[in-house]
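Taking it in order: structure first as structure tokens, then the write-up.
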Amino acid sequence: MTGGGAEGSFGVGIGWRPEIAGFVAALPGLRFTEVIAESVPASGPVPAPLAALREAGTAVVPHGVRLSLGGAEPVDPARVAHLAAAARQLGAPLVSEHIAFVRAGGLEAGHLLPLPRSREAVDAVVANVARTQAELPVPIALEPIAAIFDWPDDELDEAAFLTEILDRTGALLLLDIANVYANARNRGTEPTDLLDRLPLDRVAYVHVAGGAEHDGIYHDTHTDAVPREVLDLVGELCARHRPPALMLERDGDYPAAATLRAELDAIAAASGYPVVT
């Protein structure tokens, strides 16, 4: 999942969650999925549905949510060890985590929080990514998050901030196209402007998700349908550089199987990849 050529492509996937394990297992063309890394045991058997997917040849990517790569404090070695163990357990081609922080001063936020786009923040992320890479058996892809505000002391715009982190770490990019849409909509900017300035050849895979507007702010919910505007942005992305894989991300309020299949088919149509349903 490190190149855009057909030979290295995984096509359209979906995030594995226990609630939809049966649906995921029944997708005939599925070649990759993603699992929350913290839900994978560091030793002992992995959940049987995930083991079955692996045996069927489906790549399973552990997706971390608790490392706090953007924190001012060094990453917790135990959390890094768990991410590395999850990668080994699943025979994963890579792992992914967020450019965000979730704890500071011993306090847990319970959410992915945005970083100020400062030189100091870049240095903190780069140092924590290096600490993580030193323990990982596979490459890491970094995901920028959706944010409903920007810090007032930003020194870099988003494209420059992300590109510097990627250049200094050698990491891959997990691009959440729904986040790109949400951030641009809330900032009043054009989402394609970011696509035109990111190193799209570094994209390992792409998240595609739904959202909803509340009180004038668009929230990346992962529980709503993927809007047409996000699917259009998938097309814009693929016209520039088609990523190796795109993944439907749902984290609750799961609709009927027919609705999920239609969303997967829509992503396939927008990206030009074969349907997996």
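What's counted below: heavy atoms across the whole structure, side chains too, no hydrogens, waters or symmetry copies.
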Which atom of [X] lies closest to which atom of [Y], heavy atoms considered:
X: L200; Y: L175; result: CD2-CD2, 4.5 Å
X: L246; Y: P243; result: CG-CG, 4.0 Å
X: V138; Y: L94; result: CG2-CA, 3.6 Å
X: A209; Y: H222; result: CB-CD2, 3.5 Å
X: I20; Y: G15; result: CD1-O, 3.7 Å
X: S96; Y: H63; result: OG-ND1, 2.7 Å

Is a side-chain donor or acceptor of [X] paired with a backbone partner of [Y] at a separation under 3.5 angstrom?
X: E38; Y: R66; answer: yes
X: D232; Y: A270; answer: no
X: R185; Y: E213; answer: no
X: H207; Y: M247; answer: no
X: R17; Y: G252; answer: no
X: E97; Y: L67; answer: yes
X: R31; Y: S9; answer: yes
X: T277; Y: R261; answer: no

Test side-chain contact (heavy atoms from CB on, under 4.5 Å) applied to L69 and I99, step by step: CA-CA 6 Å; L69 289 174; I99 299 175; 5.9 Å; no
Rounded to the nearest 0.5 Å, what separation is found between the [atom1] atom of [X] and the [atom2] atom of [Y]?
X: H82; Y: D76; atom1: NE2; atom2: CG; value: 11.5 Å
X: D201; Y: H241; atom1: CG; atom2: NE2; value: 5.5 Å
X: W16; Y: L50; atom1: CH2; atom2: CG; value: 4.5 Å
X: D220; Y: D176; atom1: CG; atom2: CG; value: 5.5 Å
X: D253; Y: E19; atom1: CG; atom2: CD; value: 11.0 Å
X: L172; Y: L174; atom1: CG; atom2: CG; value: 10.0 Å

Going through the distances and angles, do D167 and R202 end up as a side-chain contact (heavy atoms from CB on, under 4.5 Å)? CA-CA 10 Å; D167 285 348; R202 302 281 287 278; 3.4 Å; yes
Would R250 and I14 satisfy side-chain contact (heavy atoms from CB on, under 4.5 Å), going step by step from the backbone distance to the final call? CA-CA 8 Å; R250 277 266 186 173; I14 185 171; 5.8 Å; no
Taking C-beta and beyond as the side chain, do [X] and [Y] meet within less than 4.5 Å on heavy atoms?
X: P199; Y: L166; answer: yes
X: F10; Y: Y205; answer: no
X: P41; Y: P47; answer: yes
X: E155; Y: E120; answer: no
X: L156; Y: S118; answer: no

Under the side-chain contact (heavy atoms from CB on, under 4.5 Å) criterion, do L233 and L195 qualify, and how do the steps go? CA-CA 9 Å; L233 203 53; L195 299 184; 3.9 Å; yes
Counting neighbours of CZ on R119 that are heavy atoms of other residues, nucleotides or ligands and sit closer than 6.0 Å, is the number greater than 12?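 12 or below, so no.
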Among L53, V24, L27, the one residue meeting side chain to side chain contact (heavy atoms under 4.5 Å, CB included) with T58: L53
For R197, which of T192, D157, T163, L162 qualifies under side chain to side chain contact (heavy atoms under 4.5 Å, CB included)?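 For R197, the side chain to side chain contact (heavy atoms under 4.5 Å, CB included) check succeeds only for D157.
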Output all residues satisfying side chain to side chain contact (heavy atoms under 4.5 Å, CB included) with T259, sequence neighbours left out; order by chain, then residue number.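 If we apply the side chain to side chain contact (heavy atoms under 4.5 Å, CB included) test to T259, skipping adjacent residues, the hits are P255, A256.
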Side-chain heavy atoms nearer than 4.5 Å, only ILVMFWY residues, links allowed to pass through others: does that put V275 and V226 together?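 Each belongs to a different hydrophobic cluster.
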